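A quick note: this is a predicted structure, and the numbers were derived from the prediction, not measured.
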Amino acid sequence: MVMELVIAGLAGGAVYLMAAARVVKQYERGLVFRLGRLRSQVRQPGFQLIVPAIDRLQKVNLQIVTLPVPAQEGITHDNVTVRVDAVVYFKVVDPADAIIRVEDYRFAVSQMAQTSLRSIIGKSELDDLLSNREKLNQGLAIMIDSPAVEWGVNVDRVEIKDVSLPETMKRSMARQAEATRDRRARVINADAELQASKKLAEAAQQMADTPAALQLRLLQTVVSVAAEKNSTLVLPFPVELLRFLERHQPAAVGPSNGEPPRPVEPPVTPVATTEPSSSEPSEPESDS
């Protein structure tokens, strides 16, 4: 009889232990509700015991939650329609407030992130959304974190993932960028032309002081052109050489019998004439 009572007691203790035993993981914290009232003690990770049928253990995850924010469509401060989506990183820092103060802290953070994102879109300009995202991320995190503190939630960071623009705006931005690059190219080309003209003016002045430099430059140009085998080279006759020949040409040529010299006459180029054909009648000569 005693043995049976001992066995029954052990069996009842085992059943009670199985009903009361709970395991809290390392990244979790346990909240015990006894008859609907929250116990002040937060259960730490490990093996925990509660009173069956009286206590209820609710576990709260303390890991960082990655919450994607659906794309929100809005009008920026400079009247451009855009669609912006983001992602929120947050974690629970006070398990009691996260369970008691708000019904579903995940849904609450999601809704707050969407409304804050639309507000940021309306206050910002398009250039800020495209190039100054760090500042917008910080402002968006502050807007979400302010009410989330009362829920026992800490917003770690907020990142704007993508900004979708209308096709007309994309084409306008592409034309603007192309025009900007064209303007820069024209300015650089004009600056290069100005510098080249200054250098050419200096070179012309130097060559004017030294005429032989012009001939040397001409010969260098001829050498550079002659390197190409697919061109015909026409070499101009230097004018300075003609002047040199004129200066050294004898002034007159005289006979050997002592007569005064006669000036040298330039050779006369014969001109071909065409005689009238015999078949054609000749005009009569008029009497003088």
**Request:** Enter the distance from Ile144:CD1 to Leu117:CG here, rounded to the nearest 0.5 Å.
**Result:** 8.0 Å
**Val92 versus Ala98, closest heavy-atom pair with distance** = CG1-CB, 3.7 Å
**Request:** Answer yes or no: is there a side-chain heavy-atom contact under 4.5 Å between Glu73 and Ile121?
**Result:** no
**Request:** Verify the cluster assignment for Val153 and Tyr89: are they in a single hydrophobic cluster under the rule of side-chain heavy atoms below 4.5 Å apart?
**Result:** no
**Item:** Steps toward side-chain contact (heavy atoms from CB on, under 4.5 Å) verdict (Leu126, Leu130)
**Value:** CA-CA 6 Å; Leu126 180 61; Leu130 297 176; 4.0 Å; yes
**Prompt:** Can you list every side-chain hydrogen bond (donor to acceptor under 3.5 Å, both in side chains) pair that touches residues 150-177, not counting sequence neighbours?
**Reply:** Asn137-Glu159, Arg157-Glu159, Ser172-Arg175
**Message:** Test of understanding: clusters of I, L, V, M, F, W, Y form through side-chain heavy atoms closer than 4.5 Å, transitively. Do Val84 and Met169 belong to the same one?
**Reply:** yes
**Message:** Please say yes or no: joined through hydrophobic side-chain contacts below 4.5 Å, possibly via intermediate residues, are Val65 and Val109 part of one cluster?
**Reply:** yes
**Message:** Distance check, rounded to the nearest 0.5 Å: Asp78 atom CG versus Glu125 atom CD?
**Reply:** 5.0 Å
**Message:** Test of understanding: with salt bridge (Lys or Arg N to Asp or Glu O under 4.0 Å), list the residues that count as partners of Arg106, not counting sequence neighbours.
**Reply:** none
**Prompt:** Heavy atoms, side chains only, cut-off 4.5 Å: are Val32 and Arg43 in contact?
**Reply:** yes
**Asked** Would you say the side-chain atoms of Arg183 pair up with the backbone N or O of Glu178, donor to acceptor, closer than 3.5 Å?
**Response** no
**Asked** Within a strict 4.5 Å, meaning less than it, do heavy atoms of the Tyr27 and Leu62 side chains meet?
**Response** no
**Item:** same_hphob_cluster(Val23, Ile50) at 4.5 Å side-chain heavy-atom cutoff
**Value:** no
**Request:** Give the intermediate values and the outcome of side-chain contact (heavy atoms from CB on, under 4.5 Å) for residues Val82 and Leu129.
**Result:** CA-CA 10 Å; Val82 295; Leu129 289 175; 4.0 Å; yes
**Request:** Identify the heavy atoms of Tyr105 and Asn61 that sit nearest to each other, and give their distance.
**Result:** OH-O, 4.2 Å
**Request:** Ignoring hydrogens and angles, tell me if any N or O in the side chain of Asn132 forms a donor-acceptor pair with the backbone of Asp128 under 3.5 Å.
**Result:** no
**Message:** Show the nearest heavy-atom pair for residues Pro95 and Arg29, with the distance to one decimal.
**Reply:** CG-CB, 4.0 Å
**Taking every non-hydrogen atom, the tightest pair across Gln48 and Val24** = CG-CG2, 4.0 Å
**salt bridge (Lys or Arg N to Asp or Glu O under 4.0 Å) partners of Arg101, counting only residues at least two apart** = Asp97
**Prompt:** Between atom CD of Glu28 and atom CG of Leu57, what is the distance when rounded to the nearest 0.5 Å?
**Reply:** 9.0 Å
**Item:** Residues forming a salt bridge (Lys or Arg N to Asp or Glu O under 4.0 Å) with Arg39, sequence neighbours excluded
**Value:** none
**Item:** Path from Met173 to Val163 over hydrophobic side-chain contacts below 4.5 Å
**Value:** yes
**Request:** Using the test salt bridge (Lys or Arg N to Asp or Glu O under 4.0 Å), find all partners of Asp85 that sit at least two apart in sequence or belong to another chain.
**Result:** none
**Message:** Would you say that Met143 contacts Ile120 through its side chain, given a criterion of any heavy-atom pair below 4.5 Å between the two side chains?
**Reply:** yes
**Request:** Kindly say whether Val155 contributes a backbone atom to a donor-acceptor pair with the side chain of Asp145 at under 3.5 angstrom?
**Result:** yes
**Prompt:** How long is the gap from CD1 on Ile54 to CG on Leu35, to the nearest 0.5 Å?
**Reply:** 6.0 Å
**Message:** Using the rule given for side-chain contact (heavy atoms from CB on, under 4.5 Å), can you reason through Val158 versus Gln138, listing the C-alpha separation, both sets of side-chain angles and the distance that settles it, and then say yes or no?
**Reply:** CA-CA 7 Å; Val158 181; Gln138 295 176 3; over 6 Å; no
**Asked** Under 6.0 Å from the NZ atom of Lys59, do we count more than 12 heavy atoms belonging to anything else shown?
**Response** yes
**Asked** Are Val87 and Val69 side-chain neighbours, meaning at least one heavy-atom pair lies under 4.5 Å?
**Response** no
**Prompt:** Looking at residues at least two apart in the chain, or sitting in another chain, which of them share a side chain to side chain donor-acceptor pair (under 3.5 Å) with Arg22?
**Reply:** none
**Item:** Side chain Thr115, main chain Met112, donor-acceptor under 3.5 Å
**Value:** yes
**Message:** So does Leu194 get a backbone contact from the side chain of Ser197, meaning a donor-acceptor N/O pair under 3.5 Å?
**Reply:** yes
**Request:** Apply side-chain contact (heavy atoms from CB on, under 4.5 Å) to the pair Ile64 and Lys91, showing each step before the final yes or no.
**Result:** CA-CA 5 Å; Ile64 295 179; Lys91 64 179 178 179; 4.0 Å; yes
**Message:** As an exercise, state the distance from NZ of Lys135 to CG of Leu140, rounded to the nearest 0.5 Å.
**Reply:** 14.0 Å
**Prompt:** Pro70 and Gln114: which non-hydrogen atoms are nearest, and at how many Å?
**Reply:** CD-NE2, 3.5 Å
**Message:** Restricting to non-hydrogen atoms, name the atom on Phe33 and the atom on Ile99 that form the minimum distance, rounded to 0.1 Å.
**Reply:** CZ-CG2, 4.0 Å
**Asked** Does CD1 belonging to Ile75 count more than 12 external heavy atoms closer than 6.0 Å?
**Response** no
**Complete:** Between the CZ atom in Arg181 and the CZ atom in Arg186, the distance rounded to the nearest 0.5 Å is 15.5 Å
